[in-house]
Structures are given as C-alpha cells and as structure tokens.
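Structure first, then comments.
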Amino acid sequence: MIKFDKLTIPDEGEKIQIINDELIVPDYVIIPYIEGDGIGRDIMTASKRVWDAAIKKAYGIKRKIIWFEIFAGEKAFKIYGNYLPEDTIKAIEYFIVAIKGPLTTPIGGGFRSLNVTLRQKLDLYSCIRPVKYYNGVPSPVKNPEKMDIVIFRENTEDVYAGIEWESNSKQNLEIIQFLKDKFDIKIPQDAGIGIKPISEFKSKRLVRAAIKYAIKYGYKSITLMHKGNIMKYTEGAFRDWGYEVAVEEFKDKIVTENDLWDKYNGKIPTEKILIKDRIADSMFQQILTRTDEYDIIAAPNLNGDYISDAAAAQIGGLGMAPGANIGDFIALFEPTHGSAPKYTNQDKVNPSSLILSGVMMLKYLNWDKPAKLIEESIEKTIKEKKVTYDLARLMDNIKPIKCSEYASTIIDNL
C-alpha cells in the first residue's frame, strides 16, 4: 500500500487498475481531486454535487465516486509549505484518474506554471479539449451549432518547455556569441532567446492518441495544424511525423487527403478516417468559415493553446469548454479557464467548464450514462435561461443565478 506524508486514503472504495493495457474501474472508485484556487471552491463544490447526483440517477447505489482530496496551489502551501507537494504527484500516479479546479501560479513560487508542471511531471502529453455547442448558449457567430470538434494539443514541449534566457543575461549573451561564432547567425545583442523543441517521439504519440480517439468515438477526420511553411524543421516536422504515424500504424483505418483525390475521387471511403493538414493561420479562418469540415485537430503546444480558446469563443467562451490532460493511462481533468481570484467565495461563476470536464472523466471511466444525463441537463438548464452572470449578460433581460443555484437546477433537470 502506498504511503503519503499528509494524506489519508478513504476507507471506502478501490483504486483503478490497469490490466492488459485496459482501465479496470471498480464500482466504488476512489478519485483524487484538487479543489483549486480562487473560484475553485465554488465550482468544485457545485460540480461534485452534479456528478454525484447524475451517477446516483444512472446507477442507484451500484456505482459511486469516493472523493479523495489532494492538494496543490494555495491550499497546499498552507498544509505543506509547498505549492505542489510530492504527495499530490504520488496520489495521481497511484489512483490513475484525478480531477482539479483552476490553480494560480504564485509569483516566486518556484514554478513557471503549476498546471504545466503537473503535465510534465506526470507526462500527460495529450491536452484534450472538446469544443461543442449547447443549444441556448449565446454566441458571437451565426451558426455555432456547426462547432463540434476535439482538439489534441501536445502538452510537454514546444515553447512551453520553458527553455529561454532573459535579454542581456550572461547565458543569453553567451548563446548569441556562440551562434555567431559557430553558425554565423546574427542576433541582436538585446534580444531575449527561447528554444522551441518539437520531437519525433512526442509528435507521433500525440497524433497516435488522436487517431485512436477518432476510431473509438467515430470521428471522420483529423487535421494536423502547423506553421510548417515557416518553421520547417519543428512544425513542418510535426506535420510529416503525423502523416508517418498515420500511414505506418493505421493504414487500414485512414486515408490521406492526397489519396482521397488521387484514388477515391474526393469521397471518404466508409470506415476510413481522413488525415489532412492546414497551416495555422488558415486554420483560424476556417474554424470560422468552414467549421463543420473539422472533427479532430492535432497541434503542437502553442497552436493547440491558441485554437482551443478561439474555438471556445464560438460556443460561449471558456466557461463552457472542458479539458483533460492524458498520458498513456494517467488522466487529469480540469477546466480550461483560470482561477479568477477576484470572484473568490462569491458563488458567482459558471461551473460548466469543470462540470463538463467531469463528463469527460466519466466517459474515460466508461460511465457513459451519467455523462449523457449531465450534458442533456446542462442544455435544458441553459434553454430555460437559468444561467450564471457570464451567459446572462449576453442574453436579453436575464437575471443571473448563483453558481450553486445553477448546479441545483442541473440536478433538478437530470
């Protein structure tokens, strides 16, 4: 049995097992959770109520989540004197699936980002963000219902690797001099410098995960989003490696865009997944103008970050956009927005991003029935115009309800 410094495992419930490369989920499953900073308490409390109610509605007493609180951020610092204690990493590794609220990275806290550090320490290489429109949500576009995509964002390298040097620092000036002496590359003396690593192994495993996801859930296309026309040996290589893994490992399941026209007269064969690519700037235009032509988008870290937020803007904003960080098996689910500290303990903000991240978690556990119940209930609640302030201010003459009241309405509508 694993031992923790300051955590006590619940007496009830069991952990998830991995047997023959499959998750084996017990009926009473222990799930660690991190409450989060700022609005974390409000939205986590609301979300847990919704998840528990949906599971009870779907399965009665046959299945249940046994919640196990672990710590990161400000709450962790009060308990451990450390914003990201080893207990937390060990707990997520041991119990395999966890969920968290938003975290604020403190100035001088020793981390570039607590979220990025968690992803890197646990090797959660796929940031998966479904972006789907729910009827009734106000949107700035005419046909938001056309948006139903899943973004696979590489999570561990690219500029997020954090390899950079400040302008005029000793290391920075040494690198500038080295590049000049060794390669005759001239960089201004006052420039800051960053390194953008994109590797074959990490690119291929992301695209591999995206293809497996498409096969499992019946998606018809995967688009590799890149800026390879300019960054040929990083983002261009991401594109090439993406095609390679598709053709070499899934040749019976996929068709490339070139083959689609050369061999199939532009019609995707039944049971085949189309693999295509788009330049990043073009992708931003097409996600607006040709939205329904895209199912799954696989992208390096920075592009994935950008396109996730741009797509979410069409379906009501980050408050309606869930997220997950998934490795080979370990999965950490989280909302896509920040901790909004100015709204701390005001019972005000929209918990939908976290609730829907829990829906992703339930689907990952293969508990599809409560996941479906929650999605249907959220849509019904929004149609009734019982919404929090972020959506109410975009509707005409709608009085917003509290975060906790929104959760209660979703529960009533299950």
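What you see is a predicted model; the values in this text were computed from it and never measured.
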Any side-chain to backbone donor/acceptor pair from [X] onto [Y]? Under 3.5 Å, distance only.
| X | Y | result |
| --- | --- | --- |
| Asn172 | Trp165 | yes |
| Thr88 | Ile70 | no |
| Trp241 | Phe201 | no |
| Asp390 | Val349 | no |
| Asp37 | Leu103 | no |
| Thr289 | Gln285 | yes |
| Ser377 | Leu373 | no |
| Thr156 | Gln120 | no |
| Ser353 | Ala321 | yes |
| Glu384 | Thr409 | no |

Spacing of [X] atom [atom1] and [Y] atom [atom2] [to the nearest 0.5 Å]:
| X | Y | atom1 | atom2 | answer |
| --- | --- | --- | --- | --- |
| Ser308 | Leu318 | OG | CG | 9.0 Å |
| Leu274 | Asp295 | CG | CG | 9.0 Å |
| Glu154 | Ile198 | CD | CD1 | 8.0 Å |
| Leu23 | Asn20 | CG | CG | 12.5 Å |
| Phe333 | Leu354 | CZ | CG | 12.0 Å |
| Asp328 | Ile18 | CG | CD1 | 9.0 Å |

Side chain to side chain, [X] and [Y], heavy atoms closer than 4.5 Å:
| X | Y | result |
| --- | --- | --- |
| Leu124 | Leu118 | no |
| Ile287 | Gln314 | yes |
| Ile222 | Lys276 | no |
| Leu365 | Val97 | yes |

Neighbour count above 12 (heavy atom, 6.0 Å) for [X] [atom1]:
| X | atom1 | value |
| --- | --- | --- |
| Ile19 | CD1 | yes |
| Lys272 | NZ | yes |
| Tyr94 | OH | yes |
| Lys146 | NZ | no |
| Lys90 | NZ | yes |
| Lys6 | NZ | yes |
| Lys369 | NZ | no |
| Arg208 | CZ | yes |

*So Glu257 and Arg278, salt bridge (Lys or Arg N to Asp or Glu O under 4.0 Å) or not? Walk me through it.*
CA-CA 11 Å; Glu257 197 164 33; Arg278 296 292 181 269; 3.0 Å; yes
Minimum heavy-atom separation for [X] and [Y], please, with both atom names.
| X | Y | result |
| --- | --- | --- |
| Tyr59 | Trp367 | OH-CA, 3.5 Å |
| Met225 | Ile297 | CB-CG2, 3.8 Å |
| Phe152 | Leu206 | O-CD2, 3.7 Å |
| Trp67 | Met361 | CH2-CE, 4.1 Å |
| Phe4 | Ala91 | CE2-N, 3.6 Å |
| Pro130 | Ile128 | CD-O, 3.7 Å |

*Geometric cation-pi criterion, Lys196 with Tyr233: 6.0 Å, 45°*: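 No, Lys196 and Tyr233 do not form such a contact.
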_Quiz item: cation-pi between Arg153 and Tyr160, 6.0 Å / 45°_ =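 So Arg153 does make the cation-pi contact.
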Checking [Y] against [X]: is there a side-chain donor and acceptor pair closer than 3.5 Å?
| X | Y | value |
| --- | --- | --- |
| Glu375 | Tyr134 | yes |
| Ser199 | Glu157 | yes |
| Arg205 | Ser126 | no |
| Tyr217 | Lys363 | no |
| Asn350 | Ser352 | yes |

_Verdict with supporting geometry, Arg49 and Ser408, side-chain hydrogen bond (donor to acceptor under 3.5 Å, both in side chains)_ = CA-CA 8 Å; Arg49 289 175 53 219; Ser408 295; 2.6 Å; yes
*Aromatic rings Phe77 and Tyr83: how do their planes relate, parallel, tilted or perpendicular, breaks at 30° and 60°?*
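Parallel.
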*Hey, can you tell me if Phe68 and Phe95 have their rings parallel, tilted or perpendicular (30° and 60° cut-offs)?*
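Answer is perpendicular, since the angle exceeds 60°.
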*Check against side-chain contact (heavy atoms from CB on, under 4.5 Å), Leu391 and Met320*: CA-CA 10 Å; Leu391 298 183; Met320 296 300 301; 4.2 Å; yes
*Go through the steps for Lys386 and Asn413 under the test side-chain contact (heavy atoms from CB on, under 4.5 Å), then give the verdict.*
CA-CA 11 Å; Lys386 295 176 180 177; Asn413 283 333; 5.8 Å; no
*Pair Asp396 + Lys385, salt bridge at N-O below 4.0 Å*: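 Salt bridge: no.
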_Trace of the side-chain contact (heavy atoms from CB on, under 4.5 Å) decision for Ile16 with Val29_ = CA-CA 7 Å; Ile16 294 168; Val29 59; 3.6 Å; yes
_Glu35 and salt bridge (Lys or Arg N to Asp or Glu O under 4.0 Å): which single residue from Lys100, Lys78, Lys75 fits?_
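The option that passes is Lys75.
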_Working note: Ile378 + Ile374, criterion side-chain contact (heavy atoms from CB on, under 4.5 Å); need CA distance, chi angles, decisive distance, verdict._
CA-CA 6 Å; Ile378 285 177; Ile374 292 170; 3.9 Å; yes
*Applying salt bridge (Lys or Arg N to Asp or Glu O under 4.0 Å), name anything that partners Arg63, two or more places apart in sequence or on another chain.*
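By the salt bridge (Lys or Arg N to Asp or Glu O under 4.0 Å) rule, Arg63 matches Asp27.
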*Out of Thr256, Asp277, Asn258, which residue meets the side-chain hydrogen bond (donor to acceptor under 3.5 Å, both in side chains) rule with Tyr243?*
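In the set Thr256, Asp277, Asn258, the residue that makes a side-chain hydrogen bond (donor to acceptor under 3.5 Å, both in side chains) with Tyr243 is Asp277.
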*Is the Tyr343-Tyr389 ring centre distance short of 6.0 angstrom?*
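Yes, they do, as the ring centres are separated by less than 6.0 Å.
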*Apply salt bridge (Lys or Arg N to Asp or Glu O under 4.0 Å) to the pair Glu244 and Lys204, showing each step before the final yes or no.*
CA-CA 8 Å; Glu244 282 179 19; Lys204 284 186 172 181; 3.2 Å; yes
